[in-house]
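Structure, as structure tokens:
Being a predicted model, the structure only gives us computed values, none of them experimental. Residue numbering restarts at 1 for every chain, and letters A, B, ... go by the order of the sequence lines. The basis for the numbers below is simple: all heavy atoms, side chains too, and nothing from hydrogens, waters or symmetry mates.
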Amino acid sequence: MNQLLFFAELQDRVGKERIDIDLEGKTVQQVKEYVEDTYELHKAKEAMIAINEEFASRDTLIKKGDVVAFIPPVSGG
Amino acid sequence: MNQLLFFAELQDRVGKERIDIDLEGKTVQQVKEYVEDTYELHKAKEAMIAINEEFASRDTLIKKGDVVAFIPPVSGG
Amino acid sequence: MSESCYITQKPIIIQDVVDRVVRPEAGAVNTFIGTVREFTKGKQTLYLEYQAYESMAVKKMEEICTEIKRRWPDAEPSIAHRVGRLEITDVAVVIAVSTPHRAESYEASRYAIERMKEIVPIWKKEHWHDGAKWIGDQKERQPGVPAKEDIQ
Amino acid sequence: MSESCYITQKPIIIQDVVDRVVRPEAGAVNTFIGTVREFTKGKQTLYLEYQAYESMAVKKMEEICTEIKRRWPDAEPSIAHRVGRLEITDVAVVIAVSTPHRAESYEASRYAIERMKEIVPIWKKEHWHDGAKWIGDQKERQPGVPAKEDIQ
């Protein structure tokens with residue numbers, strides 16, 4: 001199993017900050033497409049993905065237990 | 001009459017922070033030479049002169065009541 | 001030794017961030033304070049809401065501190081960011097960098113705030129009279145993974 | 001409205017200087033804090049003594065603020081300098097500049113400290129184990145009246 005985390009606008013749109021879901025074996029790109037389709041989240045495309053709190057490239061494979069977070073363009077500071 | 005003010009090293013050397021003296025009609029340059037000679041203050045040369053709290057050029061004439069200050073190279077901040 | 005980077009829901013005490021970097025070796029501390037501005041491009045903000053992916057945000061703030069120490073070996077940085085609801089003029093972020101001499105304190109402090117806006121997962125939602133919106137500066141970023149992280 | 005420039009014998013409260021420039025129009029405050037460094041070119045300082053030609057110094061600090069507002073019309077600066085005996089890590093000067101956006105806050109703050117070191121009649125005396133000396137950075141200055149003031 002994996003945790004899928006959402007923040008900011010994506011969190012508002014999904015309506016949850018966290019979803020427990022099995023993503024093992026999928027690539028980051030596949031996870032983005034899955035979220036885009038499932039939640040009709042066009043903005044998911046613009047987000048970066050962090051795996052276990054580190055930015056991941058689009059072809060990275062999700063492993064068992066990985067925490068996968070959608071990171072929309074940041075605006076802190 | 002005029003007030004002649006000294007700061008920092010010049011104050012330590014002269015031993016006073018203020019001298020009451022008539023400088024009317026002298027130029028800034030003449031005041032510097034006077035102080036240099038009277039107090040054997042070689043360092044007076046390096047100082048700027050402020051008249052009534054404004055930096056003055058060397059040929060400025062001292063007027064009655066002017067407050068004349070020796071401003072050694074500053075080191076605040 | 002207190003942590004050099006933290007996220008808090010409470011008002012940030014500027015002195016507290018400065019205290020984390022003041023030391024006998026330093027003669028200069030540069031501090032950047034980000035405050036909530038009332039008008040952005042003519043539009044009035046009523047208040048802001050900041051959200052963070054807290055554990056990752058602290059990690060990324062620490063990463064920025066590490067980058068700073070690599071570039072300016074004598075620098076000591078500290079970064080604090082507030083989350084939750086912030087009113088106009090409230091302090092959102094405080095960066096403090098101490099260095100032996102002043103030039104480096106300015107450079108490193110500037111570097112820190114620019115990097116904050118690139119890699120730290122914190123977001124703000126602007127609330128106006130007629131609505132609200134999560135802000136994200138898409139122009140400055142590439143969609144997907146930024147080139148930098150991709151390469152590393 | 002409190003004065004934007006002042007000299008004090010008491011410890012400078014950083015928050016107090018920052019408070020003088022925080023306002024709804026500003027999103028950024030840059031602060032420069034000068035602290036007493038223990039070692040300068042390998043020589044240990046025990047403590048410093050700052051002296052000011054106070055009335056003129058405040059006038060010159062205000063002049064710097066005026067210069068800043070001329071160059072960065074949206075900037076709001078404040079400068080405080082301490083005099084008397086200061087121990088290692090004590091704060092000697094605090095400059096705060098608020099601006100709508102961050103770039104200008106850095107530029108104006110840097111400008112302020114550079115000008116402080118040029119035109120404000122404040123001096124420091126370094127006290128060491130083996131003596132003491134009034135510091136004045138002759139190299140950076142011309143003897144006599146500086147060209148700038150001469151021309152104006």
| request: Check whether Q11(A) gets within reach of chain C through its side chain, its backbone, both or neither, counting any heavy atom under 4.5 Å. | output: side chain

| request: Just do the side-chain contact (heavy atoms from CB on, under 4.5 Å) check on E63(C) and E54(A) with the steps written out, would you? | output: CA-CA 11 Å; E63(C) 204 172 297; E54(A) 271 306 332; 3.7 Å; yes

| note | Shortest non-hydrogen pair, M116(C) vs V74(A), comes out as O-CG2, 4.3 Å

| message | Using a 6.0 Å cut-off, check whether atom CD of E17(A) has over 12 heavy atoms from anything other than its own residue. | response | no

| query | Counting heavy-atom pairs under 4.5 Å to chain A, which of G34(C), A52(C), S55(C) comes out on top? | reply | S55(C)

| request: Can you establish whether the number of heavy atoms outside R23(C) located under 6.0 Å from its atom CZ is more than 12? | output: yes

| query | Which atoms of K124(C) come close to chain A, meaning under 4.5 Å heavy atom to heavy atom: side chain ones, backbone ones, both, or neither? | reply | both

| field | Contact summary for A92(C) and G77(A), nearest pair of heavy atoms | value | CB-O, 4.2 Å

| request: Look up atom CD1 in I71(A) and atom NZ in K60(C), then write down how far apart they are to the nearest 0.5 Å. | output: 9.5 Å

| Can you list the steps and then say if L10(A) with W123(C) is a side-chain contact (heavy atoms from CB on, under 4.5 Å)? | CA-CA 11 Å; L10(A) 298 183; W123(C) 302 270; over 6 Å; no

| Proximity breakdown for D12(A) and chain C, heavy-atom pairs closer than 4.5 Å | side chain

| query | Is chain A contacted by the side chain of A57(C), its backbone, both, or neither, given a heavy-atom distance below 4.5 Å? | reply | neither

| Which heavy atom in M56(C) sits nearest to a heavy atom in E53(A), and how many Å separate them? | CG-O, 3.5 Å

| Which portion of Y53(C) sits near chain A, non-hydrogen atoms under 4.5 angstrom | both

| field | Exercise: identify the closest heavy-atom pair between I135(C) and S75(A) | value | O-OG, 2.5 Å

